[in-house]
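Order of the sequence lines fixes the chain letters, A, B, ..., with proteins taken first and strands second; residue numbering starts at 1 for each chain. Note that this is a predicted model, so its numbers are computed, not measured.
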Amino acid sequence: MVEPKYVAPTGTSDILSPEVERRNCIVDKARRLLGLYCYQEMIVPTFEHTELFVRGIGEATDIVSKEMYTFGDQKGSSFALRPEATSGIVRAFIEHSLYTKSMPQKYFCIGPMFRKEKPQAGRYREFYQIDVELLGAEQPSADAEVIALLMHIFQDLGLKNLTLKLNSMGCRICRAPYREELVGYLRKVEKGLCRNCRERIKKNPLRVFDCKVEGCRHLLREAPELISVLCAQCQEHFEEVKKYLGVMGPDYELDPKVVRGLDYYTRSVFEVVSPSLGAQNVIGAGGRYDYLVEDCGGPPIAGLGFAIGIDRTSLAMKRSGLKGYEDKSLDLFIITTSHHLRFETIKRLDILRHQGFSAEMDHLSRSMKAQMRLADKLRAKIVIFIGEDEIRKGVLGVRDMATSSQEEVPFEDLLDYLYQKLGRKEKWGARG
RNA sequence: GUGGACGUAGCUCAGCUGGUUAGAGCGCAGGAUUGUGGCUCCUGAGGUCGGGGGUUCGAAUCCCCUCGUUCACCCCA
C-alpha cells in the first residue's frame, strides 16, 4: 500500500462503524428523553460572527483568546467556528423573538464544536455535543430539573458510578466582593503557591481551587469559600436547588472546586465526572447564566443549560463495556451459481428489499463457497439459492443459516415463507 | 503553547547490544474430488521499516532534524 496523501487534520477524526452506532445510540436516546422533557430541537450555524462569542463567552477566557478558529470573508467580517453552542442558541432566541412565547422555552442542539486545543484523550479539536438550554426561568426548580435531565440521560445510557458535582458561583452582587477577598488571601500566601496559581491570581483567581499541586491545595483549605459568602438571594436559591434535587433523586456532592471556564455562568454550576476516563473526565457540565441573554442584546431573561460531550460519553460507555448497539445482521443473502442467472437474482433481490427485508448479493462473481462465506460474514439469517435446477423446477433453495436446514420453496410461496420465518416487514415503496 | 512516550504489512505487535532475500497473529483473496457457510488445514497478495539528513564496509536497529500519533500540563465537553 501507499502512504496516504491526505490525512484528517490534527484533532479531527473519521468515526467508523461500531463507534458510529454507539454515538447514534447516545443521540437517539437523548433525543427521545429530551422530547419527554418538552425540549425542541434547534439547528444553529456551525459558525457565527466572532463578536458573539467574544461577548458571550468572555474575551479573557482561554476559549476566546486562543482557541477559536476564526476566518474572514471578502467584506472583512470576522467569523468563528462555534466553540460551544449556548451562544448560538441564545442569539437565535433573541433574533427570532422567541422570548415572546410563553416561558420557559426549552431547546437543544446536537452537533460538532471546534476548539484549537492540543488533543489528548477525550479532547479533540472537533468534538460533538448535545447542548441543552432552558430559557426564561430563574426558579431553582428549573435548575433541579435540568440537572436531573442530565443525569437521566446518562442513566438511560447505562452509565454507572458517575459523580455529579454541584456548586454555586453567585451573582454579580456577591461574586465581585468575593473575588476581591480571595485575591487578597492569595496575595498573602503567594509565596507558597505554584507558578500556575500565581498566574491565576490575576487571570482567573477562582481557578486556583482546581490546582492539583499539594502545596496549593493545603493553603487553599484556609481560603475563603464562595459558598459561605453568597448573598442572601443566591444562598436561598442554592438551598432550594438542593431541596428540589433531594426530592428528585440524583445524588450529588458539593464541590467548591467546580468553577466553569466560561464567564457567563452564575449561581448553579455542575459537572458530571466519569470514573473510567483519563484527565478529561467531565462528560457533561453546565450551569445557570442569568445575564447572558441580556449581554447578547436581548431582554433580561435568565437561562441555564448543559452540554454533554458525545465523544467522552461514548468512550466512557466503551470502557464500561456498554455497546449501545446491536450486532448487525442480515435477513437474506441471495446466491446464484451461473452468470446468466444474475439478472434473475438481482431482480428478486430488488423485490425483497422493497418488501422491507435487508438483503444482499455478491457482485464480484465469486464462487459459491465464497458467496456462502460472505453470507456468513454478514450474518445472514437466510440464504436463497437461485440455480439452474431451481429455475427448472420453479423453486428456490432456502437455507436457514442457524440450523443449516434447507428446503425448496416454490416461487409463489416465497414471500409467505419468509414472513413466517422472519416476520412481516415494513414495506419500502413495495411494488405490485 | 509546554513536557513525556511512541511511529515496522489494513489492524495489534515481534525483530537481543547495527550484519545476508524484514516476521507472527488477526483481517483480506483463493483452495481442500468441481452447487453450499461457521471449525480446521493449505496457499497467496500486501511493507521505499513515518519522512529527510548523518555515522558506518553495512542501519528497522545509533545520532540530528522534521512530520505525525499519543498521554499529561494549561484549559475544557
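For A:M368, whose side chain is taken as the heavy atoms from C-beta onward, the closest listed nucleotide among B:C75, B:A77, B:G35 is B:G35. For A:Q406, whose side chain is taken as the heavy atoms from C-beta onward, the closest listed nucleotide among B:C75, B:A77, B:U36 is B:U36. Of the candidate nucleotides B:U36, B:C74, B:A72, B:U36 has the atom nearest to the side chain of A:M372. You'll find that the side chain of A:T337 is closest to B:G35, out of B:G35, B:C71, B:A77. Closest approach to the A:K118 side chain among B:G3, B:G68, B:A77 is made by B:G3 (side chain taken as heavy atoms from C-beta onward). Residue A:E390 places its side chain closer to B:G35 than to any other of B:A77, B:G35, B:G38. If you check B:U36, B:C75, B:A72 against the side chain of A:R399, the one that comes closest is B:U36.
To the nearest 0.5 Å, atom OG1 of residue A:T336 and atom CE of residue A:M361 are 8.0 Å apart. Atom-to-atom distance recorded for A:R175:CZ and A:S168:OG is 9.0 Å, nearest 0.5 angstrom.
Between A:S329 and A:K381, the shortest heavy-atom contact is OG-NZ, 3.3 Å. Shown here for A:Y124 and A:F127, the closest heavy-atom pair between the two residues is O-CD2, 3.4 Å.
The residue A:F114 sits apart from the nucleic acid: no heavy atom pair falls under 4.0 Å. Residue contacts shown for A:E126 are absent, as no nucleic acid heavy atom lies under 4.0 Å away. Using a 4.0 Å heavy-atom distance criterion, A:G278 is classed as a sugar-phosphate-only contact. Backbone-only engagement by A:T10 is indicated by non-hydrogen atom pairs under 4.0 Å involving sugar-phosphate atoms exclusively. Heavy atoms of A:A279 sit under 4.0 angstrom from primed sugar atoms or phosphate atoms, though from no base atom. The residue A:D389 sits close to a base: some heavy atom pair falls under 4.0 Å. Counting any heavy atom pair closer than 4.0 Å across all strands shown, A:R200 reaches sugar-phosphate atoms only and no base atom.
With the nearest nucleotide of RNA chain B identified for both A:A285 and A:K66, A:K66 has the one nearer the 5' end. Nearer the 5' end of RNA chain B, as judged by each residue's closest nucleotide, is the contact made by A:R123, out of A:R123 and A:G284.
Between B:U2 and B:A77, the distance separating the two P atoms is 24 Å to the nearest Å. With both ends at atom P, the span from B:A9 to B:G47 equals 10 Å, rounded to whole Å. Rounded to whole Å, the P atom of B:G54 lies 50 Å from the corresponding atom of B:U40. Nucleotides B:C62 and B:C42 have their P atoms positioned 35 Å apart, rounded to a whole Å. Rounded to whole Å, the separation between the P atoms of B:G1 and B:C64 comes to 22 Å. B:A14 and B:G7: their P atoms are spaced 8 Å apart (whole Å). Taking the P atoms as reference points, B:U36 lies 25 Å from B:C26, given to the whole Å. The C1' atoms of B:G51 and B:C67 are separated by 7 Å, rounded to the nearest whole Å.
Between A:D400 atom CG and B:U36 atom C1' there is a gap of 14 Å when expressed in whole angstrom units. In this structure, A:H339 places its NE2 atom 17 Å from C1' of B:G35, rounding to the nearest Å. To the nearest angstrom, C1' of B:G68 lies 12 Å from CZ of A:R125. For A:I310 and B:A77, the CD1 to C1' distance is 10 Å, given to the nearest whole Å. Taking atom CG of residue A:L159 and atom C1' of nucleotide B:A77, one finds them 14 Å apart after rounding to whole Å. Spacing between atom CE of A:M68 and atom P of B:G1 amounts to 17 Å, rounded to whole angstrom units. Across the protein-nucleic acid pair, A:E117 atom CD and B:C73 atom P stand 12 Å apart, rounded to whole Å. Taking atom CD of residue A:Q371 and atom C1' of nucleotide B:G38, one finds them 17 Å apart after rounding to whole Å.
Legend: residues meeting salt bridge (Lys or Arg N to Asp or Glu O under 4.0 Å) with A:R198, ordered by chain and number and at least two apart, are absent.
Across every strand in view, B:G7 sits in a pair with B:C67 that passes the Watson-Crick or G-U test at under 3.5 angstrom. With a cut-off of 3.5 Å on both pairing distances, B:A45 has no Watson-Crick or G-U wobble partner at all. The partner of B:A60, taking Watson-Crick or G-U wobble pairs whose two distances both stay under 3.5 Å, does not exist in any strand shown. The partner of B:G1, taking Watson-Crick or G-U wobble pairs whose two distances both stay under 3.5 Å, is B:C73.
Between A:F47 and A:F71, the ring planes are perpendicular. Angles over 60° get that label, and only those under 30° would be called parallel.
With A:Y289 as the partner, the ring-ring contact (aromatic ring centres under 6.0 Å, His included) test is satisfied by one option alone out of A:F306, A:F93, A:Y264: A:Y264.
The side chain of A:Q120 contributes an N or O atom lying less than 4.0 Å from OP1 or OP2 of B:C73.
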Restricting both atoms to N or O, compile the protein contacts to nucleotides 28-30 of chain B shorter than 3.5 Å, with distance only.
residue, atom, partner, partner atom, Å
B:C28, OP1, A:K377, NZ, 3.3
B:A29, OP1, A:R366, NH1, 3.1
B:A29, OP2, A:K377, NZ, 3.2

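Heavy-atom neighbours of A:K347 NZ from other residues, nucleotides or ligands within 6.0 Å: at or below the threshold of 12. Summarising the local packing, CG of A:D251 is surrounded by 12 or fewer heavy atoms from other residues, nucleotides or ligands at distances under 6.0 Å.
Residue pairs meeting the salt bridge (Lys or Arg N to Asp or Glu O under 4.0 Å) criterion with at least one partner in residues 267-291 of chain A, sequence neighbours excluded, are A:D143-A:R288, A:R260-A:E271, A:R288-A:D290.
Between A:E145 and A:K106 a salt bridge is recorded (basic side-chain N to carboxylate O distance below 4.0 Å).
A:F385 does not qualify as a stacking partner of the B:G35 base, lacking a centre-to-centre distance under 5.5 Å together with planes within 30°.
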